[in-house]
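So the structure is just underneath, and the comments pick up after that.
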Number of protein chains: 4
Amino acid sequence: MSVKRDDKRDQILKAASQCFSRFGFEKTTLQDIGAAARFNKASLYYYFKNKEDLFIQVVMLEAEHYLNALQEQVKPLDRAADKIVAYLTGRLAYYRQVLNLHQLSIESLQRFEPMFDDVYQAVREQELAFLSQLLREGVEDREFLKLNGERAADALLTVADGIKHEAVQRSRTAFAQEVDYAPVQEKLQYTLTLLLNGLRK
Amino acid sequence: MSVKRDDKRDQILKAASQCFSRFGFEKTTLQDIGAAARFNKASLYYYFKNKEDLFIQVVMLEAEHYLNALQEQVKPLDRAADKIVAYLTGRLAYYRQVLNLHQLSIESLQRFEPMFDDVYQAVREQELAFLSQLLREGVEDREFLKLNGERAADALLTVADGIKHEAVQRSRTAFAQEVDYAPVQEKLQYTLTLLLNGLRK
Amino acid sequence: MSVKRDDKRDQILKAASQCFSRFGFEKTTLQDIGAAARFNKASLYYYFKNKEDLFIQVVMLEAEHYLNALQEQVKPLDRAADKIVAYLTGRLAYYRQVLNLHQLSIESLQRFEPMFDDVYQAVREQELAFLSQLLREGVEDREFLKLNGERAADALLTVADGIKHEAVQRSRTAFAQEVDYAPVQEKLQYTLTLLLNGLRK
Amino acid sequence: MSVKRDDKRDQILKAASQCFSRFGFEKTTLQDIGAAARFNKASLYYYFKNKEDLFIQVVMLEAEHYLNALQEQVKPLDRAADKIVAYLTGRLAYYRQVLNLHQLSIESLQRFEPMFDDVYQAVREQELAFLSQLLREGVEDREFLKLNGERAADALLTVADGIKHEAVQRSRTAFAQEVDYAPVQEKLQYTLTLLLNGLRK
DNA sequence: CATGAATGAGACTTCATTCAT
DNA sequence: AATGAATGAAGTCTCATTCAT
């Protein structure tokens with residue numbers, strides 16, 4: 001019964017999401033999550049590899065919802081370039097919120113990043129598709145030169161993620177208490193403008 | 001050599017401050033602090049009663065610095081009433097920042113409050129002196145009626161702390177994830193205005 | 001398998017009992033108990049909340065056995081009043097022995113008393129039943145006036161415990177090294193005599 | 001100033017004695033003793049090798065006093081043989097009391113025995129002298145055959161200590177909670193009677 | 001002589017994780 | 001598929017002991 005199984009998985013994910021946002025990753029115990037999901041804590045290991053895995057699944061689920069909402073939000077904008085910039089900067093703001101919500105220290109963040117990358121693929125596919133679509137619309141509307149939507153979308157996403165990644169790294173080596181997102185937003189916006197100008201007629 | 005001792009105490013406080021703001025109270029281990037201060041973790045107990053004590057000392061030190069800076073900041077304002085309101089609301093904003101900085105859950109906050117109160121006395125003395133001075137200036141400038149500066153200062157501080165305390169309490173019983181400071185700020189400002197109007201000519 | 005679980009619990013209780021009476025509460029380590037019961041020390045926490053809890057369970061178990069034996073011992077006595085006095089004074093003597101056996105300082109004793117009270121209920125029920133029965137017999141034999149056995153039993157037990165408690169308290173405030181039980185025994189005996197006379201025809 | 005030094009040593013011994021009999025060996029900290037003697041705990045190491053050494057010195061001092069008193073106590077008895085038996089059995093009773101007073105487990109007792117032997121020599125000399133004197137008096141009063149007082153005294157003491165030692169050993173291997181002194185007293189008395197009969201005219 | 005300062009060892013406790021059932 | 005049971009590792013804290021001054 002794969003359906004039942006998924007139901008229970010979701011039940012756990014929901015409970016975990018509540019716990020993690022209330023107590024943060026470190027302070028949430030599997031006992032907490034188990035109790036909230038009405039499972040024995042040992043049972044969680046049947047559905048998830050370990051606590052980190054569970055956490056990542058939670059964050060990814062939240063990300064999907066958020067990004068979908070964000071995609072809807074930018075659609076009304078007039079030009080494709082604006083939609084793209086709004087989406088990619090909104091995405092960065094989200095990243096920042098998540099860390100804050102789950103009380104993740106830069107330390108932990110570092111530890112999680114590689115694991116995120118594993119699970120990130122599915123979401124990324126969807127994001128790529130969305131960006132490709134925007135780009136193709138831009139071409140149709142004669143906003144952009146003719147281009148390969150997928151390649152360009154991939155480039156945009158990679159740039160956006162690269163800038164985010166670099167900022168996190170720098171914060172760590174600078175022994176900063178938290179990431180200062182203002183310059184990152186600016187840098188992202190500037191770079192995107194350049195890139196999109198490059199695509200422009 | 002009380003000087004040397006204080007030096008080492010400060011060295012530990014500094015290390016602890018860095019650790020606490022990087023990892024938060026719960027995630028910081030005495031091992032961490034010891035390593036950062038180049039001490040065996042057991043040695044920390046020679047200078048501080050326990051982890052909580054150390055944390056409180058750190059926060060108090062930060063508070064002193066911040067409040068001094070805040071006092072300088074409000075001095076240029078024109079009227080005494082404005083200085084007082086600016087100081088007391090700035091003080092609340094600080095409280096909020098601290099909790100965020102050290103990733104303190106409301107849970108932990110509750111646990112610490114009584115201990116804070118113990119150490120808070122010294123700082124409070126200084127704050128009282130500052131407020132008294134402002135009030136006396138207000139009297140000299142004929143902004144306020146004649147009054148007992150110390151008693152009025154004490155009243156102001158008590159009111160400000162009371163409003164803060166009540167907000168924290170309410171958050172706890174409301175099972176909120178964090179304290180919503182906007183209404184607290186407003187309430188504080190309103191109450192202070194009333195109080196200061198009462199002192200006015 | 002609740003049976004198996006109880007078996008292991010008992011196994012731990014037995015090991016703990018041996019350790020506590022050999023080394024005393026303070027000197028017994030969970031390592032000791034774990035080794036004796038062939039468990040990892042961490043496993044003890046699966047069955048008991050903490051060291052104090054484990055200790056109290058041990059003492060309560062011993063108490064049950066002892067009190068049962070004491071009940072058998074006093075049954076051959078002729079009059080109900082004698083049985084009652086013998087039981088309640090024997091009970092006090094036991095209390096004394098326990099403290100000595102486990103090398104409990106008055107200090108520790110103080111610390112434990114509230115926790116004991118929590119677990120004491122079950123034993124108390126049984127004691128009440130026993131005393132009620134004795135009282136009813138006394139009524140049947142026309143030794144006592146007609147009375148409500150349960151209420152009278154409760155009164156007797158409360159008085160006996162109250163006198164014991166007061167003695168412990170007094171020892172603490174007197175900075176005594178140990179409780180001097182002779183006057184307590186006397187006081188108890190005297191008070192019981194008065195009480196039972198009050199019930200007498 | 002050897003006098004001053006001895007004064008301070010005694011001061012510490014007195015404080016230690018109080019602490020040990022109040023809290024027992026294990027629960028007494030050097031902090032406790034230091035505070036009571038108005039010394040820094042580190043200073044104790046100037047006068048005593050370590051905690052165990054300090055404890056043994058305390059016990060030895062108490063022993064001297066007690067044994068002197070005991071010697072006075074038995075002097076009024078009529079016959080030398082009676083004095084000797086009374087002294088040696090009183091000595092055993094004392095041993096028992098000490099252990100109880102200081103809340104020494106059999107375990108600890110085992111650990112201390114070898115160290116006691118080191119310090120015991122001085123006391124033993126004095127005890128030997130006392131017993132020799134009694135024996136010589138017995139000879140003068142024609143109660144005993146002519147004999148070498150010192151050799152006989154040594155034999156008596158060795159026998160008395162041997163019986164005590166054996167009892168302690170046996171308790172340990174029997175996992176007993178405490179030493180049962182009744183049979184030891186009996187055995188000692190019996191053996192002494194035999195020995196003294198052997199000396200008799 | 002005396003002590004402030006420092007530390008290793010070991011105690012109690014929590015928690016993520018494993019495993020047999 | 002689910003969980004009772006068990007544990008190693010790590011965290012906070014105490015204490016006897018050492019050492020430089």
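Values reported hereafter were calculated over all heavy atoms of this structure, with side chains retained and with hydrogens, waters and symmetry mates removed. Keep in mind it's a predicted model, so treat the numbers as computed, not measured. All chains are named by letter (A, B, ...) in the order of the sequence lines, taking the proteins before the strands, and each is independently numbered beginning at 1.
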Those residues at least two apart in sequence (or on a different chain) that pass ring-ring contact (aromatic ring centres under 6.0 Å, His included) with C:Phe112 are C:Phe25, C:Phe55

Within this structure, what is the NZ-CZ distance for the pair A:Lys51 and A:Phe20, rounded to the nearest 0.5 Å? 6.0 Å

Suppose we screen for side chain to side chain contact (heavy atoms under 4.5 Å, CB included). Which residues come up paired with B:Phe48, at least two apart in sequence or across chains? B:Arg9, B:Ile12, B:Leu13, B:Asp53, B:Leu54, B:Gln57

Check step by step if side chain to side chain contact (heavy atoms under 4.5 Å, CB included) holds for A:Lys14 and A:Gln18. CA-CA 6 Å; A:Lys14 195 178 156 193; A:Gln18 289 170 346; 4.2 Å; yes

Rounded to whole Å, how long is the line connecting atom CG of C:Leu30 with atom P of E:dC12? 4 Å

Donor-acceptor pairs under 3.5 Å, side chain of residues 34-43 of chain A to any protein atom, not counting sequence neighbours: which ones?
from	atom 1	to	atom 2	distance (Å)
A:Asn40	OD1	A:Ala42	N	2.6
A:Ser43	OG	A:Asn40	O	3.4

List for me each residue that meets side chain to side chain contact (heavy atoms under 4.5 Å, CB included) alongside A:Ser17, sequence neighbours excluded, and say none if there are none. A:Val58, A:Glu62

For atom NZ of C:Lys27 and atom P of F:dT14, their distance in whole Å: 18 Å

The criterion is salt bridge (Lys or Arg N to Asp or Glu O under 4.0 Å); which residues satisfy it with B:Glu52, sequence neighbours excluded? B:Arg111

For DNA chain F, which residues in residues 45-61 of chain D have a heavy atom at a distance below 4.0 Å? D:Tyr45, D:Asn50, D:Lys51

So that I can compare with my own list, what are the stems of DNA chain F, taken as at least three consecutive Watson-Crick or G-U pairs with distances under 3.5 Å? E:2-21 with F:2-21

List the residues meeting ring-ring contact (aromatic ring centres under 6.0 Å, His included) with C:Tyr95, not counting sequence neighbours, and say none if there are none. none

State which residues pass side-chain hydrogen bond (donor to acceptor under 3.5 Å, both in side chains) with C:Asp10; sequence neighbours excluded, sorted by chain then number. none

Tell me whether the OP1 or OP2 atom of E:dG4 has a side-chain N or O from B:Lys8 closer than 4.0 Å. no

With sequence neighbours left out, what residues match C:Val123 under side chain to side chain contact (heavy atoms under 4.5 Å, CB included)? C:Met60, C:Glu64, C:Leu67, C:Tyr120, C:Glu127

For E:dA5, does OP1 or OP2 lie under 4.0 Å from any side-chain N or O of B:Arg5? yes

Please list residues of residues 32-44 of chain A whose heavy atoms come under 4.0 Å from any atom in DNA chain F, ordered by number; otherwise none. A:Phe39, A:Asn40, A:Ala42, A:Ser43

Between SG of C:Cys19 and CD of C:Gln31, what distance do you get to the nearest 0.5 Å? 11.0 Å

Let me know the distance between CD of D:Glu26 and P of E:dA11, rounded to the nearest Å. 12 Å

